[in-house]
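Below you'll find the structure, written out as structure tokens, and then a few comments.
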Amino acid sequence: MQTAKVSDTPVEFIVEHLLKAKEIAENHASIPVELRDNLQKALDIASGLDEYLEQMSSKESEPLTELYRKSVSHDWNKVHADGKTLFRLPVTCITGQVEGQVLKMLVHMSKAKRVLEIGMFTGYGALSMAEALPENGQLIACELEPYLKDFAQPIFDKSPHGKKITVKTGPAMDTLKELAATGEQFDMVFIDADKQNYINYYKFLLDHNLLRIDGVICVDNTLFKGRVYLKDSVDEMGKALRDFNQFVTADPRVEQVIIPLRDGLTIIRRVPYTPQPNSQSGTVTYDEVFRGVQGKPVLDRLRLDGKVAYVTGAGQGIGRAFAHALGEAGAKVAIIDMDRGKAEDVAHELTLKGISSMAVVADISKPDDVQKMIDDIVTKWGTLHIACNNAGINKNSASEETSLEEWDQTFNVNLRGTFMCCQAAGRVMLKQGYGKIINTASMASLIVPHPQKQLSYNTSKAGVVKLTQTLGTEWIDRGVRVNCISPGIVDTPLIHSESLEPLVQRWLSDIPAGRLAQVTDLQAAVVYLASDASDYMTGHNLVIEGGQSLW
Ligand SMILES: C[S@@+](CC[C@H](N)C(=O)[O-])C[C@H]1O[C@@H](n2cnc3c(N)ncnc32)[C@H](O)[C@@H]1O
């Protein structure tokens with residue numbers, strides 16, 4: 001990678017001055033050898049830094065390499081002399097590999113979906129950030145010079161991430177006004193344009209809510225060759241950046257840090273700022289609605305970090321989806337299934353996603369298995385907060401022909417098994433004064449699904465609802481909430497079996513939503529019922545059936 005020939009960053013200036021000092025020392029025989037040695041050591045440390053950072057940071061993608069090469073070999077003086085750009089663009093203004101990698105990391109870490117760049121140049125920073133955006137992510141790049149949009153676009157087009165980038169040409173402040181007028185908001189902003197306007201861009205972003213709370217602003221060149229802190233430095237740009245840094249430091253709406261990378265990169269986070277009551281704060285009501293319960297905004301109250309959960313029947317279908325959802329929300333999850341292979345596969349899936357997980361084999365119709373599964377979880381993770389009793393079976397037969405064997409099998413798993421799980425989990429939870437039990441009931445607890453005949457299933461699921469209501473009211477004053485979820489007809493491979501496939505069309509005509517449920521339609525509900533956000537809900541049957549029970 002080509003290094004800048006003209007000093008541009010504090011480190012490059014340090015190197016330049018050390019080289020001069022070394023030259024002077026070499027021309028003066030009276031300079032002690034010790035001083036020369038120390039100068040050389042300082043020079044080695046300073047001059048090796050940038051190269052080492054480049055070597056030890058992830059390599060850029062091919063489109064970025066091409067973009068960099070094309071940018072540094074372009075004759076920008078000629079472009080300006082030919083009247084193609086308003087200003088003469090110095091090639092040193094390109095964001096390089098290391099800073100590009102930092103920006104990319106920040107997009108990943110902040111989980112940004114919408115990014116704004118102010119000052120694109122040839123698009124190195126824009127493409128670096130776009131590479132970290134999700135498929136549906138969007139980056140808007142503001143650039144004064146239309147020439148640069150035409151320069152960057154062919155390389156953006158070669159990258160699978162280029163389609164996420166929209167370039168808006170013209171003065172950035174005009175674009176910011178347009179974006180504010182349409183109520184746009186961003187998760188991350190990179191300010192890297194005309195230095196004198198930094199403060200105006202920053203103020204506009206915060207004053208017009210263009211940056212979401214907890215969003216991040218990265219600002220380049222905030223050390224400006226060291227001139228922001230050098231006492232004898234008086235040039236316009238250095239002064240603009242010094243004023244900018246001071247303004248940000250005094251702004252209570254943000255937290256910030258300057259990283260001494262290249263010419264200085266400030267990272268600013270917009271914090272949930274609450275002015276002191278009694279200040280000139282108008283009619284703001286400073287209660288939990290405003291601040292969030294325990295200071296947490298509503299989505300944070302759905303998090304399950306530090307919680308221990310289990311899901312029965314988690315080897316496939318709804319249970320697997322529940323286990324993923326609880327894990328994604330932060331819980332450790334025990335995958336319970338009769339089938340060891342399936343339980344281990346799902347536990348492995350969770351581990352791949354960085355979720356703590358364990359596979360437990362249990363037949364929940366057997367009391368010893370149920371007790372052992374609870375003991376295994378408590379032994380491994382010390383406690384249990386969330387019990388998701390989902391395992392169940394469904395057998396079809398005309399009622400006049402339903403055998404006692406079918407009835408008993410269904411009830412043994414669906415109702416007796418669920419009761420045993422509730423009881424064993426409940427004993428741990430009542431002791432600690434906290435727990436969330438979520439049972440899987442069914443829309444069949446409310447209506448009689450047809451034309452299939454499933455008396456024992458329907459009756460057992462109605463029993464699950466009554467079990468839930470009874471436990472939910474009996475245990476809530478000791479901190480244990482019990483609720484259930486009643487899914488409609490869920491699109492699983494079973495539905496597409498030879499015997500059931502012909503019924504699908506019939507069911508669809510009974511469903512206002514016009515489609516079967518996907519297991520993912522149920523995931524948010526289990527997280528809600530498992531979280532503190534649902535603490536006032538107990539004994540509830542949460543029906544998710546696309547409206548089917550209403551027709
Ligand atoms: C330091 S370079 C940006 C480098 C770029 N972020 C990258 O990743 O390589 C500054 C850019 O800001 C643009 N610029 C300067 N004044 C501007 C303004 N008022 N509005 C929009 N862009 C501006 C310049 O044309 C130049 O391309």
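Index from 1, following the sequence. Order of listing sets the numbers, starting from 1, for every ligand and every atom in it.
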Parallel, tilted or perpendicular, as decided by the 30° and 60° cut-offs, for the rings of Y147 and H74: tilted
G170 to ligand 1, any heavy atom closer than 4.0 Å: yes
Close N or O approach (I94, ligand 1; < 3.5 Å): no
Polar atom proximity, A172 to ligand 1 (N or O, under 3.5 Å): yes
Cationic N near anionic O, under 4.0 Å, R212 to D187: yes
4.0 Å heavy-atom contact, F190 with ligand 1: yes
Min side-chain heavy-atom separation F190-V115 under 4.5 Å: no
Heavy-atom check, side chain of P146 versus side chain of F151, under 4.5 Å: no
Heteroatom distance test (G119, ligand 1): nitrogen or oxygen, under 3.5 angstrom: yes
Structural part of D220 in contact with ligand 1, heavy atom criterion under 4.0 angstrom: neither
Side-chain heavy atoms of V189 within contact of C218, under 4.5 Å: no
Atom NZ of K111 with >12 non-hydrogen neighbours under 6.0 angstrom: no
Polar contact flag for A126 and ligand 1 (N/O pairs, less than 3.5 Å): no
Top protein contact for atom 14 (N) of ligand 1, by heavy-atom distance: A193 CB, 3.9 Å
Side chain to side chain, K164 and Q138, heavy atoms closer than 4.5 Å: no
Ring geometry between H208 and F204 (parallel below 30°, tilted from 30 to 60°, perpendicular above 60°): parallel
Shortest protein contact, atom 2 (S) of ligand 1 (heavy atom only): C93 SG, 3.3 Å
Contact check, side chains of K380 and M358, non-hydrogen atoms, under 4.5 Å: yes
For G125, atoms of ligand 1 separated by under 4.0 Å from a heavy atom: 7 (C), 8 (O)
Polar atom proximity, F121 to ligand 1 (N or O, under 3.5 Å): yes
Minimum-distance protein heavy atom relative to atom 22 (N) of ligand 1: L144 N, 3.1 Å
Any N/O pair Y201/ligand 1 closer than 3.5 Å: yes
Whether E99 lies under 4.0 Å from ligand 1, heavy atom: no
M129 side chain reached by K104 side chain, heavy atoms, under 4.5 Å: no
Nearest neighbour of atom 4 (C) of ligand 1 from the list L176, I191, D192, T122, on a heavy-atom basis: D192
pair K70-L67: side-chain heavy atoms closer than 4.5 Å: no
Check: E143 N/O within less than 3.5 Å of ligand 1 N/O: yes
Atom 17 (C) of ligand 1: nearest protein contact (heavy atom, Å): D194 OD1, 3.6 Å
Residue, atom name and distance, where the atom is the protein heavy atom closest to atom 5 (C) of ligand 1: M120 O, 3.1 Å
P90 versus F121, closest heavy-atom pair with distance: O-CZ, 4.2 Å
Of the listed options T92, L86, T95, N197, closest to atom 9 (O) of ligand 1 (non-hydrogen atoms): T95
Side chain to side chain, L139 and F186, heavy atoms closer than 4.5 Å: no
Close N or O approach (K195, ligand 1; < 3.5 Å): no
Proximity of L148 to ligand 1 by residue part, where a heavy atom lies under 4.0 Å: side chain
